[in-house]
Asks: 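Starting off with a structure, shown below.
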Amino acid sequence: MESDVIRLESDVIVIGGNFAGVSAAMQLARARKRVVVVDAGQPRNRFAAASQGFLGQDGNTPMAIQAEAKRQLLAYPTVSWLEGSAEWVFRVEDEFIVMLGDDRQVVGRKLILASGVRDELPDIAGLQPRWGRSVLHCPYCHGYEIGEGQLGILASHAMAPHQSLLVADWGPVIYFSQGQFTPDDEQRQHMQARGIRIESSPVVAILGNGTAMDAVRLEDGREIAMKALFTAPRVHLNSGLIEQLGCRLLDGPLGPCVDVDVWGRTSVEGVFAAGDIAIQRHNATLASASGVNAGVGAHQSLLGMLW
């Protein structure tokens with residue numbers, strides 16, 4: 001027996017229901033446009049205990065913020081929400097057809113990609129379980145709560161020395177080069193002026209109970225007391241739709257991102273992108289702002305004011 005195909009018609013399809021996607025959809029809903037949000041339910045920030053520095057939401061959990069945003073969005077009668085993964089996209093004349101993994105289809109005149117990224121963390125014992133708790137990415141998001149304890153920079157890219165100079169405002173810093181990202185002479189001078197200690201022996205394990213951190217163990221056997229580590233993981237684009245559509249990508253220092261203009265327009269006509277897939281500075285507020293921008297851009301595109 002054939003399953004019934006559910007087909008929803010819309011003005012704009014939004015792929016991704018976290019901060020960027022909901023922010024984009026909200027602008028369109030307020031313009032009384034038909035919007036369908038497709039969300040796989042795997043937001044990048046689900047590992048974080050709280051979202052700090054986000055206007056009006058400081059200290060709330062990311063999941064609570066997302067749930068309230070979804071509730072407010074669905075109060076608009078022109079919005080539909082589909083839980084599931086968008087697997088395929090086709091363009092037929094002036095419309096996009098997005099197919100979910102369970103035979104549901106969404107048709108829209110414009111498409112906003114806010115599908116997010118996934119993090120590839122260094123392969124170090126004890127690091128993954130502490131991600132978002134005592135192993136962190138953004139000092140603006142989590143640095144204040146550490147309370148000026150001993151901090152470490154786990155170098156994973158060429159800009160890590162710069163990151164150490166920044167993080168030193170939140171507490172004393174030890175820079176772990178991992179034997180790969182050794183500071184040059186100029187960087188070393190700046191780091192020493194900031195009181196940053198440089199360690200060349202790689203970190204091989206994180207020590208502590210639960211998600212807390214007590215110390216790191218180095219390859220040479222030493223253990224150094226540590227309250228938190230900052231690192232920058234490699235990022236990978238979550239959605240295969242980006243490649244299917246042929247959106248132009250940029251090579252960022254931590255991985256690829258979608259090339260967009262000031263309106264969030266990609267290189268593919270009718271396709272916009274927002275959030276961490278389209279910005280290289282990853283932060284909840286910036287993701288939400290880029291979603292607003294893409295939503296406004298998509299609306300004006302529907303009116304023929306763009307493209």
Side-chain angles (χ1 to χ4, degrees), residues 6-46 51 54-57 60 62-86 89 95-100 104-117 238-239 241-242 245 247 258 260 262-266 268 270-279 283-303 305-306:
I6 299 175
R7 182 182 174 95
L8 289 180
E9 304 280 342
S10 68
D11 294 306
V12 181
I13 306 167
V14 178
I15 307 299
N18 204 16
F19 295 172
V22 173
S23 296
M26 182 71 77
Q27 312 312 307
L28 292 155
R30 292 186 56 78
R32 299 186 175 88
K33 299 304 177 186
R34 297 172 302 162
V35 185
V36 176
V37 179
V38 179
D39 183 48
Q42 294 291 306
R44 183 188 187 190
N45 55 12
R46 65 190 182 277
S51 180
F54 194 168
L55 183 64
Q57 299 288 348
N60 289 334
M63 301 307 287
I65 296 171
Q66 196 271 346
E68 176 60 16
K70 178 181 177 182
R71 184 195 69 78
Q72 293 178 8
L73 177 64
L74 290 179
Y76 292 87
T78 58
V79 178
S80 299
W81 188 287
L82 297 181
E83 295 183 358
S85 178
V89 61
E95 292 185 323
F96 296 95
I97 301 174
V98 172
M99 300 181 65
L100 280 67
R104 286 177 294 174
Q105 297 180 6
V106 186
V107 180
R109 295 162 58 195
K110 306 294 178 183
L111 181 63
I112 298 177
L113 303 172
S115 45
V117 301
N238 275 333
S239 178
L241 302 190
I242 298 167
L245 290 162
C247 297
V258 181
V260 297
V262 295
W263 291 101
R265 293 182 293 187
T266 72
V268 178
V271 180
F272 294 74
D276 288 351
I277 67 168
I279 55 178
N283 173 286
T285 303
L286 296 176
S288 180
S290 73
V292 171
N293 200 47
V296 171
H299 175 236
Q300 296 193 17
S301 179
L302 287 169
L303 302 177
M305 298 171 64
L306 296 176

Asks: Between Leu111 and Val89, does the side-chain contact (heavy atoms from CB on, under 4.5 Å) criterion hold? Intermediate values first, please.
Replies: CA-CA 10 Å; Leu111 181 63; Val89 61; 4.1 Å; yes
Asks: Tell me whether Lys33 is salt-bridged to Glu9, with the criterion being a basic N under 4.0 Å from an acidic carboxylate O.
Replies: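 No salt bridge links Lys33 with Glu9.
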Asks: Mind checking whether Ser115 and Leu241 have side chains closer than 4.5 Å, heavy atoms only?
Replies: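 Side-chain contact under 4.5 Å: no.
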Asks: Looking at every heavy atom in both Phe272 and Ser301, which two are closest together, and how far apart are they?
Replies: CZ-CB, 3.8 Å
Asks: So which of Val79, Thr78, Val35 actually passes side-chain contact (heavy atoms from CB on, under 4.5 Å) with Leu28?
Replies: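 That would be Val35.
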Asks: With a cut-off of 6.0 Å (strictly less than), are more than 12 heavy atoms of other residues, nucleotides or ligands near CZ of Arg32?
Replies: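 No, not enclosed.
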Asks: Is there a side-chain contact (heavy atoms from CB on, under 4.5 Å) between Arg46 and Met63 once you walk through the steps?
Replies: CA-CA 7 Å; Arg46 65 190 182 277; Met63 301 307 287; 4.1 Å; yes
Asks: Does Arg109 reach the side chain of Leu302, with side-chain heavy atoms less than 4.5 Å apart?
Replies: yes
Asks: Which ring-ring contact (aromatic ring centres under 6.0 Å, His included) pairs, counting each pair once, include a residue from residues 17-38, with sequence neighbours left out?
Replies: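 For residues 17-38: Phe19-Phe54.
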Asks: Measuring only between side-chain heavy atoms, which start at C-beta, is Arg104 closer than 4.5 Å to Leu82?
Replies: yes
Asks: Just one of Asn18, Val117, Leu286, Asn45 clears the side-chain contact (heavy atoms from CB on, under 4.5 Å) bar with Asp276, so which one?
Replies: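 Looking at Asn18, Val117, Leu286, Asn45, the match for Asp276 under the side-chain contact (heavy atoms from CB on, under 4.5 Å) is Val117.
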Asks: So with a 6.0 Å cut-off around CG of Leu303, is the heavy-atom count from everything else above 12?
Replies: yes
Asks: Sequence neighbours excluded, which residues qualify as side-chain contact (heavy atoms from CB on, under 4.5 Å) partners of Arg30?
Replies: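 Here the qualifying residues are Met26, Tyr76.
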Asks: Apply side-chain contact (heavy atoms from CB on, under 4.5 Å) to Phe96 and Val106, showing your working.
Replies: CA-CA 8 Å; Phe96 296 95; Val106 186; over 6 Å; no
Asks: Which pair of non-hydrogen atoms, one from Ala20 and one from Ala274, has the smallest distance, and what is that distance?
Replies: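 Scanning both residues, the minimum pair turns out to be CB-C, 4.0 Å.
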Asks: Could you tell me whether the side chain of Gln66 and the main chain of Gly17 form a donor-acceptor pair under 3.5 Å?
Replies: yes
Asks: To the nearest 0.5 angstrom, please state how far the CE atom of Met305 sits from the CH2 atom of Trp263.
Replies: 7.5 Å
Asks: Quick check: closest heavy atoms across Gly84 and Leu100, and the distance to 0.1 Å?
Replies: CA-CD2, 4.3 Å
Asks: Looking at Val107, is its backbone amide N or carbonyl O close enough to the side chain of Ser10 to form a donor-acceptor pair, meaning the two atoms are under 3.5 Å apart?
Replies: yes
Asks: Ala294 and Ala273: which non-hydrogen atoms are nearest, and at how many Å?
Replies: CB-O, 4.1 Å
Asks: Could you grab the distance from atom CG of Asp39 to atom CH2 of Trp81, nearest 0.5 Å is fine?
Replies: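 Going from CG on Asp39 over to CH2 on Trp81, the span is 5.0 Å.
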Asks: With a 4.5 Å heavy-atom cut-off, do Val260 and Ile279 have their side chains touching?
Replies: no
Asks: Picking from Ile15, Thr266, Val14, what satisfies side-chain contact (heavy atoms from CB on, under 4.5 Å) with Ile112?
Replies: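 Testing Ile112 for a side-chain contact (heavy atoms from CB on, under 4.5 Å) against Ile15, Thr266, Val14 leaves exactly one candidate, Val14.
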Asks: Quick one: do Asp11 and Lys110 make a salt bridge, cutoff under 4.0 Å?
Replies: no
Asks: Once you round to the nearest 0.5 Å, how far does CD of Glu68 lie from CD of Gln57?
Replies: 7.5 Å
Asks: Roughly how far apart are Asn293 CG and Arg265 CZ, rounded to 0.5 Å?
Replies: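 Those atoms lie 10.5 Å apart.
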Asks: Report the distance from atom CD1 of Ile97 to atom CD of Glu95, rounding to the nearest 0.5 Å.
Replies: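 Between atom CD1 of Ile97 and atom CD of Glu95 there are 7.0 Å.
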Asks: Just one of Ser51, Pro43, Ser288 clears the side-chain contact (heavy atoms from CB on, under 4.5 Å) bar with Ile65, so which one?
Replies: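 Result for side-chain contact (heavy atoms from CB on, under 4.5 Å) with Ile65: Ser51.
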